[in-house]
**Q** 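One structure, as structure tokens, below. Some questions next.
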Amino acid sequence: MHTITREIQAKIDATAEMLPVILSNTHEKHKKTGTQIIEEDNIHEIGGKPIDPEKFYVMKYPVQLYHNHRRRLRKAFMASGYAGVQQYVMHVHSITQENK
């Protein structure tokens, strides 16, 4: 494990500022009552069974999350030093090239 000094953190921060914004598609789980699902989402069945208004259900909702480059670069440095940072930057570059 590598140690992050103030100078290294400053370099990580500067590198993170230069990287493009990247979004990831994922899901969040929300706990809702049957009544909320029926009223808000206009869903009346789950898995072919009617929704019980009193019961709690865990619903997955799609969300987009921004990549936190500072956190990811810091984690890469802690694991592999400068080589980890370079690998992360190359990974970000490959993602941006795929989307063109």
Side-chain angles (χ1 to χ4, degrees):
M1 183 174 281
H2 298 272
T3 305
I4 297 181
T5 63
R6 288 182 184 188
E7 293 81 24
I8 293 170
Q9 185 62 50
K11 290 178 183 179
I12 287 173
D13 291 346
T15 304
E17 289 293 323
M18 291 187 282
L19 294 175
V21 173
I22 297 178
L23 292 170
S24 293
N25 294 320
T26 188
H27 290 87
E28 282 184 351
K29 292 180 180 179
H30 294 263
K31 188 175 179 180
K32 290 184 160 189
T33 64
T35 305
Q36 289 174 318
I37 295 170
I38 293 168
E39 291 174 358
E40 296 171 7
D41 301 331
N42 200 25
I43 298 173
H44 299 283
E45 290 182 349
I46 295 179
K49 298 179 182 177
I51 294 177
D52 180 359
E54 302 299 319
K55 188 176 174 185
F56 280 93
Y57 296 87
V58 176
M59 303 293 290
K60 287 185 178 180
Y61 291 96
V63 294
Q64 289 187 323
L65 297 176
Y66 290 97
H67 283 209
N68 184 335
H69 294 307
R70 277 190 181 86
R71 183 181 64 225
R72 290 174 182 228
L73 285 168
R74 184 177 174 89
K75 190 174 181 180
F77 183 85
M78 295 285 283
S80 304
Y82 286 111
V85 170
Q86 186 176 17
Q87 286 175 344
Y88 179 76
V89 170
M90 294 306 294
H91 174 70
V92 169
H93 178 70
S94 69
I95 290 172
T96 57
Q97 294 305 310
E98 288 174 8
N99 294 334
K100 283 188 177 183

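Side-chain atoms are counted along with the backbone in the values below, which use heavy atoms only and exclude waters and symmetry mates.
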**Q** State which residues pass salt bridge (Lys or Arg N to Asp or Glu O under 4.0 Å) with Glu17; sequence neighbours excluded, sorted by chain then number.
**A**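 Here the qualifying residues are Arg70.
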**Q** Are side-chain heavy atoms of Ile43 and Met59 found at a separation under 4.5 Å?
**A**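 They are in side-chain contact.
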**Q** Is there a path from Met78 to Val85 through hydrophobic residues (I, L, V, M, F, W, Y) whose side chains come within less than 4.5 Å of each other?
**A**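 Yes.
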**Q** How long is the gap from CD1 on Ile4 to NZ on Lys11, to the nearest 0.5 Å?
**A**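 Nearest 0.5 Å value for the CD1-NZ distance: 12.5 Å.
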**Q** Nearest 0.5 Å, what's the OG-NZ distance between Ser80 and Lys75?
**A**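 Between atom OG of Ser80 and atom NZ of Lys75 there are 11.5 Å.
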**Q** Any idea which heavy atoms bring Gly84 and Ala76 closest together, and the distance?
**A**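 Residues Gly84 and Ala76, closest heavy atoms: O-CB, 3.4 Å.
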**Q** Can you confirm whether more than 12 heavy atoms, excluding those of Glu40, are under 6.0 Å from its CD atom?
**A**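 Buried by this count: over 12 neighbours within 6.0 Å.
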**Q** Looking only at heavy atoms, which two atoms of Ile12 and Arg74 are closest? And how far apart?
**A**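 Ile12 and Arg74 have their closest heavy atoms at CD1-CA, 4.0 Å.
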**Q** Any sub-3.5 Å donor-acceptor pair from Thr33's side-chain atoms to Gln36's backbone N or O?
**A**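 A pair under 3.5 Å: yes.
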**Q** Between His69 (side chain only) and Pro20 (backbone N and O only), is there a donor and an acceptor less than 3.5 Å apart?
**A**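 Side chain of His69 to backbone of Pro20: a pair is present.
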**Q** Evaluate the side-chain proximity of His44 to Ile38: yes if any heavy-atom separation is below 4.5 Å, no if none is.
**A**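 Yes. Closest side-chain heavy atoms under 4.5 Å.
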**Q** Does Tyr82 belong to the same Ile/Leu/Val/Met/Phe/Trp/Tyr cluster as Val89, with side-chain heavy atoms less than 4.5 Å apart forming each link?
**A**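 Shared cluster, yes.
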**Q** Find the distance between CG (Asp13) and CG (Leu73) and round it off to the nearest 0.5 Å.
**A**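 If we round to the nearest 0.5 Å, Asp13:CG and Leu73:CG are 9.0 Å apart.
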**Q** Does NZ in Lys32 sit with more than 12 non-hydrogen atoms of other residues, nucleotides or ligands closer than 6.0 Å?
**A**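 Buried by this count: over 12 neighbours within 6.0 Å.
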**Q** Is it true that a side-chain atom of Thr26 and a backbone atom of Val63 form a donor plus acceptor pair closer than 3.5 Å?
**A**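 The answer is no, because no donor-acceptor pair under 3.5 Å joins these two groups.
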**Q** Mind checking whether Leu19 and Met90 sit in one hydrophobic cluster, side chains of I, L, V, M, F, W, Y counted as touching below 4.5 Å?
**A**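 Result: no, two separate clusters.
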**Q** Do Leu23 and Tyr66 come within less than 4.5 Å of each other through their side chains, counting heavy atoms only?
**A**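 Yes - at least one pair of side-chain heavy atoms lies under 4.5 Å apart.
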**Q** Do the non-hydrogen side-chain atoms of Lys29 and Lys60 ever get within less than 4.5 Å of each other?
**A**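 Counting from C-beta outward, Lys29 and Lys60 do come under 4.5 Å.
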**Q** Within this structure, what is the NZ-OG1 distance for the pair Lys55 and Thr35, rounded to the nearest 0.5 Å?
**A**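 The distance works out to 13.5 Å.
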**Q** Can you tell me if CD on Gln9 sees more than 12 non-hydrogen neighbours from other groups inside 6.0 Å?
**A**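 Count over threshold, so yes.
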**Q** Following the transitive rule for hydrophobic clusters with a side-chain heavy-atom cut-off under 4.5 Å over Ile, Leu, Val, Met, Phe, Trp and Tyr, establish whether Leu65 and Tyr61 coincide in one cluster.
**A**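 Leu65 does not cluster with Tyr61.
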**Q** Mark yes or no for whether Tyr57, through its side chain, and Asp52, through its backbone, hold a donor-acceptor pair below 3.5 Å.
**A**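 Such a contact is found between Tyr57 side chain and Asp52 backbone.
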